[in-house]
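Please read the structure below before turning to the comments.
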2 protein chains.
Amino acid sequence: MGSKGEATRSRLIIGARELIETHGYSGTGLNQVLAVSGAPRGSLYFHFPGGKDELVAAAIEESGAEVGALIEEAADRAPDARGAVLGLLDAFAARLEESDFTRGCPLAATALDSAAADDTVRESCRRVYTSWQRALARLLAAEGRATAEADAWSVLSLVEGALLLSRSTRTLAPLHHAREAVTRLLTGP
Amino acid sequence: MGSKGEATRSRLIIGARELIETHGYSGTGLNQVLAVSGAPRGSLYFHFPGGKDELVAAAIEESGAEVGALIEEAADRAPDARGAVLGLLDAFAARLEESDFTRGCPLAATALDSAAADDTVRESCRRVYTSWQRALARLLAAEGRATAEADAWSVLSLVEGALLLSRSTRTLAPLHHAREAVTRLLTGP
DNA sequence: AAAAATATGTAGATCAGTCTATAGAGGAGT
DNA sequence: ACTCCTCTATAGACTGATCTACATATTTTT
């Protein structure tokens, strides 16, 4: 495993991540990925014998891990679960604004347009979303919240929906109002 | 304006709606649309000189109007805004389950993967989402809720996020938990 | 030298869009 | 009643580009 090979593999995943986040699975061509990452065609099928599906699945998992780390980071920084979610929303808002509303949830576009398609990619999306929900549930359960599992799903729904609407309307309003909603949801019992 | 022409135009939109809902903008080929609707290629460019973008935009608007009617219908049936949203969630849950988790929000896939596509489609999505938010805001304002505008965005985020997650995980859990969250959000001040 | 990785070339399918030809309906004029 | 004319709509072939995947050859690393 030469470091050169790993570097090329990494560049391919990075390129795929950038493209599928904004254009989804079908909207991303391998030629585009190759152009962005500067890798030759042969390298793609050497590192990802499964072709497009394997590359996209790897990109999804990597993006998922990155957001997972973002959740943990926000949890470390904030005094409680509510603060962690607010921090997460702020981080997403900043990302969305910096990218001129092209980068919201890195999985969403792919999760939706591959839902009826390939099993590999769809399964990756399912696994990543579930891992995020579990991370949130852990935070909520750590505060003794009885409905941690359910609340984690609701909070994740709120965040994902706000990202979708903010990106589509090109306004931070949905994300902004999601802050208030999270505060209300995670206050009290 | 023969009725024959209108019928063909309608069949094209119906076919486009079915396909873009599950595969998004990029994932839907015009050949597929033609095959599903049984219309010849020439008819497509006769009724939609703007090509794919114009057809998809028309499909988005029609789907948007249908969901808008669904909101009004739920509002008529329920005693208050909270009940209306719960009815809407139930309707979406039924739709999702009946379609084996392929049909959630009819716009979402297109809204996300058409970020780079022509402005026509993106603008249609933005307009439809905003119209849904306004419909919800009217319901909330009618009950004297001061934060109707903000709450409408939050509720819509919650619904859209739950649809996304339910479809991706192939479970009704997110939609189910969204019911509880809506109840909590729309109870009290 | 053997294995790992890179570098192109190419195949076959599908893509959106344009082109020309033609069928059908309804009105006008004789 | 009949033909002529026009507009609407259908019908499908065709184009050039692009797509994923595979094949083969070359370079780099161990």
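So that the names make sense, note that chain A is the first sequence line, chain B the second, and so on, each numbered from 1. In this text, all values refer to a predicted model and were calculated from it rather than measured experimentally.
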> Contact class for Ser26(B) (heavy atom, under 4.0 Å): base, sugar-phosphate, or nothing?
Replying inline: nothing

>> Has Arg126(B) got a side-chain atom pairing as donor or acceptor with Arg170(A)'s backbone, closer than 3.5 angstrom?
In response: no

> How far apart are the C-alpha atoms of Trp153(A) and Thr169(B), what are their side-chain angles, what is the distance that settles it, and do they pass the side-chain contact (heavy atoms from CB on, under 4.5 Å) test?
Replying inline: CA-CA 11 Å; Trp153(A) 278 120; Thr169(B) 60; 4.0 Å; yes

> To the side chain of Tyr45(A), which of dA5(C), dC22(D), dT10(D) is closest?
Replying inline: dC22(D)

> Quick one: is dT8(D) close enough that its OP1 or OP2 comes under 4.0 Å of any side-chain N or O from His47(B)?
Replying inline: no

> Whole-Å distance between dT18(D) C1' and Asn31(B) CG?
Replying inline: 14 Å

> Out of Leu164(A), Leu156(A), Leu158(A), which residue meets the side-chain contact (heavy atoms from CB on, under 4.5 Å) rule with Glu160(A)?
Replying inline: Leu156(A)

> Can you tell me how far C1' of dC19(D) sits from CG of Asp53(A), to the nearest Å?
Replying inline: 14 Å

>> Between Arg184(B) and Asp151(A), does the salt bridge (charged side-chain N to carboxylate O under 4.0 Å, His left out) criterion hold? Intermediate values first, please.
In response: CA-CA 11 Å; Arg184(B) 236 179 306 158; Asp151(A) 291 349; 3.0 Å; yes

> Between the main-chain N or O of Arg103(B) and the side-chain N or O of Glu98(B), is there a donor-acceptor pair closer than 3.5 Å?
Replying inline: no

> For the pair made of CZ in Phe48(A) and P in dC22(D), what is the distance, rounded to whole Å?
Replying inline: 16 Å

> Given atom CG of Leu44(B) and atom P of dG12(D), what is their separation to the nearest angstrom?
Replying inline: 14 Å

>> Nearest to the side chain of Leu30(B), heavy atoms from C-beta on, is which of dT10(D), dG17(C), dA21(D)?
In response: dG17(C)

> Between dC19(D) atom C1' and Leu19(A) atom CG, what is the distance in whole Å?
Replying inline: 15 Å

>> At a heavy-atom distance below 4.0 Å, what parts of residues 35-42 of chain A sit against DNA chain C?
In response: Pro40(A), Arg41(A), Gly42(A)

> Given the rule that I, L, V, M, F, W and Y join up when any side-chain heavy atoms are under 4.5 Å apart, are Ile14(B) and Ile60(B) in one cluster?
Replying inline: no

>> Please report the distance, rounded to the nearest Å, between NE2 in His23(B) and C1' in dC15(C).
In response: 16 Å

>> Tell me the interatomic distance from Arg9(A), atom CZ, to dA4(C), atom P, rounded to whole angstroms.
In response: 15 Å

>> Does atom CD (Glu72(A)) have a neighbourhood of more than 12 heavy atoms from anything else shown, all under 6.0 Å?
In response: yes

> What is the distance from CG of Leu34(A) to P of dC19(D), rounded to the nearest Å?
Replying inline: 10 Å

> To the side chain of Lys52(A), which of dA21(D), dT10(D), dT6(C) is closest?
Replying inline: dA21(D)

> Which of the following nucleotides, dC22(D), dC15(C), dT8(D), is nearest to the side chain of Phe46(B)?
Replying inline: dT8(D)

